[in-house]
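For reference, the structure is listed below as structure tokens.
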Amino acid sequence: MRNRLLPFGSWGSQVRAGGGLAAGPEQWWRELARVLADDGRAVVLVPDARALSYALDNGLTPTHVQQLSLFGSRPLLARLERPRTRHRPKRTALR
């Protein structure tokens with residue numbers, strides 16, 4: 001089953017994280033990676049490239065990154081996916 005997530009992460013003073021996610025940004029990224037299906041995608045808006053290191057630490061790979069101009073800031077819009085592994089079909093014996 002493929003899912004797609006468009007989350008809004010905490011940017012400090014703009015959006016306050018609550019509950020278990022308030023401990024730090026690594027908690028938020030861990031939760032994002034946990035709920036994303038193996039073949040799912042997440043699109044995130046992050047303030048800078050440093051934020052993407054949390055995605056990498058949690059097994060998510062940026063497959064597209066685009067810098068935006070948003071009210072005088074230059075955030076990044078990133079599409080994240082899990083690295084794809086190639087599954088070889090099982091060989092069956094010929095009869």
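Note that the structure is a prediction, hence the values are computed from the model and not measured.
Among pairs with a residue in residues 52-78, none fulfils salt bridge (Lys or Arg N to Asp or Glu O under 4.0 Å), at least two apart in sequence or across chains.
Of all non-hydrogen atoms in Val65 and Pro62, the two that sit nearest each other are CG2-CB, 3.8 Å. Across all their heavy atoms, Pro83 and Gly59 have their closest contact at CD-O, 3.2 Å. Between Trp29 and Ala55, the shortest heavy-atom distance links the atoms CZ3-CB, 3.6 Å.
Between Leu36 and Leu80, the closest side-chain pair of non-hydrogen atoms is not below 4.5 Å.
There is a path of hydrophobic side-chain contacts, each under 4.5 Å, that joins Leu45 to Val43.
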**Request:** Test side-chain contact (heavy atoms from CB on, under 4.5 Å) on Val44 and Leu32 and set out the steps.
**Result:** CA-CA 10 Å; Val44 296; Leu32 174 65; 4.2 Å; yes
**Request:** Begin from the C-alpha positions of Leu60 and Arg82 and carry the test side-chain contact (heavy atoms from CB on, under 4.5 Å) through to its verdict.
**Result:** CA-CA 5 Å; Leu60 301 175; Arg82 294 188 189 284; 4.0 Å; yes
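Qualifying salt bridge (Lys or Arg N to Asp or Glu O under 4.0 Å) partners for Arg79, counting only residues two or more places apart in sequence or in other chains: Glu81. Partners of Arg50 according to the salt bridge (Lys or Arg N to Asp or Glu O under 4.0 Å) rule, which considers only residues two or more places apart in sequence or in another chain, are Asp48. Scanning for salt bridge (Lys or Arg N to Asp or Glu O under 4.0 Å) contacts around Glu26 gives an empty result, with sequence neighbours left out.
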